[in-house]
Amino acid sequence: MSIPHKGEKVNLPTKLLADFYTNDTLTIARQLLGQHLVRLYQGQRLSGRITEVEAYIGEEDQACHASCGLTARNAPMYGRPGYTYVYLIYGMYHCLNIVTEPDGYPAAVLIRALEPLEGIAQMQALRGPQHPRRNLTRGPGRLCQALAIDRTLNHIDLCAEEGLLWLEATPPVPDNRVGRSPRIGVRGDTAALTVPWRFYIRDSPWISGKS
DNA sequence: CGCTTGATGTCCT
DNA sequence: GGACATCAAGCGA
């Protein structure tokens with residue numbers, strides 16, 4: 001990195017800090033759209049722009065892993081906001097969540113899709129070269145594979161000084177670019193199936209399901 | 001200890 | 001549109 005001249009403006013990427021994660025879950029889910037997720041993997045930056053997320057809020061939300069109360073697996077959801085919750089699904093894929101709400105209240109936002117930005121060749125290698133570029137980070141399981149995210153990154157602090165995973169601030173996505181829908185692939189009562197807690201960037205090719 | 005089950009993705013027809 | 005891979009958590013016995 002070059003040394004800026006006097007008065008020259010430097011736009012260093014700004015890591016999102018604890019105050020970002022103190023908002024309520026739906027607000028955070030909405031604000032996560034457009035932010036950059038950065039993974040430091042073998043000293044290399046792998047990153048993507050968040051294009052699709054889903055909120056899971058409280059024990060009353062039957063689609064939420066915390067709907068059956070506190071367990072060893074979902075414990076991170078009950079912890080402090082700004083931490084990760086990574087779990088294994090279907091025995092072979094991982095899902096990345098960002099924990100929200102104060103200590104003691106279980107909630108999180110699932111990252112469902114990214115637009116690939118940095119380290120694309122490495123991501124392709126991690127995914128397997130036979131897969132099309134379009135599917136690189138489109139879907140919660142795929143993006144974790146592309147960014148080498150597994151349970152070793154479960155329950156880590158996204159605001160840590162020298163972490164392996166964090167978010168970087170970007171200009172907000174305007175409201176007219178944001179779509180909402182029910183969540184994908186969930187089970188539960190009518191509320192769980194219909195509540196519009198999925199947020200996505202409209203018309204982005206980098207989202208799962210349909211726009 | 002054995003049985004069930006996913007907040008998914010891939011491949012096949 | 002449907003089969004299925006693959007495993008740890010969760011739960012009942």
Side-chain angles (χ1 to χ4, degrees), chain A residues 24-26 28-30 32-33 37 39 48 50-79 81 83-101 105-116 123-156 158 165 179-201 204-211:
Chain A
D24 68 279
T25 305
L26 291 178
I28 291 174
R30 162 67 179 84
L32 277 171
L33 293 179
L37 176 68
R39 159 77 160 123
I50 297 174
T51 53
E52 180 185 354
V53 299
E54 281 175 358
Y56 292 85
I57 308 173
E59 296 180 346
E60 289 69 38
D61 175 7
Q62 289 194 3
C64 181
H65 281 180
S67 62
C68 294
L70 174 66
T71 67
R73 179 174 76 150
N74 65 27
M77 292 187 82
Y78 285 81
Y83 279 66
T84 58
Y85 168 44
V86 181
Y87 65 90
L88 181 68
I89 185 79
Y90 298 112
M92 58 182 82
Y93 297 107
H94 296 271
C95 288
L96 169 67
N97 293 257
I98 293 169
V99 174
T100 57
E101 304 295 338
Y105 188 91
V109 178
L110 170 70
I111 309 298
R112 284 197 61 89
L114 305 171
E115 173 186 344
M123 291 192 228
Q124 186 84 58
L126 284 161
R127 277 273 298 149
Q130 71 275 24
H131 296 295
R133 283 279 289 269
R134 178 168 155 72
N135 289 348
L136 196 54
T137 51
R138 209 167 58 85
R142 291 173 180 152
L143 75 88
C144 282
Q145 207 171 22
L147 270 63
I149 293 169
D150 60 21
R151 281 172 310 158
T152 63
L153 296 180
N154 185 30
H155 204 30
I156 63 165
L158 292 167
L165 194 67
R180 293 182 65 167
S181 82
R183 295 168 294 183
I184 293 178
V186 299
R187 306 178 61 90
D189 57 16
T190 306
L193 298 183
T194 58
V195 75
W197 289 352
R198 171 175 175 250
F199 298 77
Y200 57 92
I201 298 179
S204 171
W206 301 103
I207 59 175
S208 66
K210 64 182 174 76
S211 52

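Look at dA8(C): its Watson-Crick or wobble partner, with both distances under 3.5 angstrom, is dT5(B).
An OP1 or OP2 oxygen of dG6(B) is reached within less than 4.0 angstrom by no side-chain nitrogen or oxygen of Arg73(A). At dT10(B), one or more side-chain N or O atoms of Arg127(A) fall inside 4.0 Å of OP1 or OP2 (strictly under the cut-off). The phosphate of dT5(B) has neither OP1 nor OP2 within less than 4.0 Å of any side-chain N or O from Arg187(A).
The shortest non-hydrogen separation linking Thr25(A) to Glu101(A) is OG1-OE2, 2.7 Å. Between Leu136(A) and Ala146(A), the shortest heavy-atom contact is O-CB, 3.4 Å. Between Arg138(A) and Ala113(A), the shortest heavy-atom distance links the atoms CA-CB, 4.2 Å. Of all the heavy atoms in Ala55(A) and Leu26(A), the pair that sits closest is CB-CD2, 3.8 Å.
For the side-chain contact (heavy atoms from CB on, under 4.5 Å) with Ile98(A), the lone residue among Leu32(A), Val53(A), Leu165(A) that qualifies is Leu32(A).
The side chain of Leu88(A) approaches dA8(C) more closely than any other nucleotide in the set dA7(B), dG9(B), dA8(C).
For Ile89(A) and dT4(B), the CD1 to C1' distance is 13 Å, given to the nearest whole Å. To the nearest angstrom, P of dA7(B) lies 6 Å from OH of Tyr90(A). Between the CZ atom of Arg142(A) and the P atom of dT10(B) there is a distance of 4 Å, given to the nearest Å. The CG atom of Leu96(A) sits 15 Å away from the C1' atom of dT8(B) (whole-angstrom rounding). Protein atom CG of Asp150(A) is 18 Å distant from nucleotide atom P of dT6(C), rounded to whole Å. The separation between Gln130(A) atom CD and dT10(B) atom P is 9 Å, rounded to whole Å. Taking atom OH of residue Tyr56(A) and atom P of nucleotide dA7(B), one finds them 8 Å apart after rounding to whole Å. At whole-Å resolution of the value, CG in Asn74(A) and P in dT5(B) are 19 Å apart.
Within 4.0 Å (heavy atoms only), Ala72(A) reaches sugar-phosphate atoms of the nucleic acid but no base atom. Using a 4.0 Å heavy-atom criterion, one finds that Gly141(A) contacts the sugar-phosphate atoms exclusively. Using a 4.0 Å heavy-atom cutoff across all strands shown, His65(A) reaches at least one base atom of the nucleic acid.
Residue Met92(A) is the one, among Arg151(A) and Met92(A), whose nearest nucleotide of DNA chain C lies closer to the 5' end (criterion: closest heavy atom).
At distances below 3.5 Å, not a single donor-acceptor pair connects side-chain atoms of Glu115(A) with backbone N or O atoms of Thr51(A).
Side-chain to base pairing of Tyr87(A) with dA7(B): one donor and one acceptor N or O lie within less than 3.5 Å of each other.
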Listing time: all N or O pairs from protein to nucleotides 11-13 of chain C that are below 3.5 Å?
none

Take Tyr56(A) and Arg183(A), measure what side chain to side chain contact (heavy atoms under 4.5 Å, CB included) needs, and give me the verdict at the end.
CA-CA 9 Å; Tyr56(A) 292 85; Arg183(A) 295 168 294 183; 3.2 Å; yes
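His65(A) and Tyr87(A) have perpendicular rings, their planes meeting at more than 60° on a 0 to 90° scale where under 30° would count as parallel.
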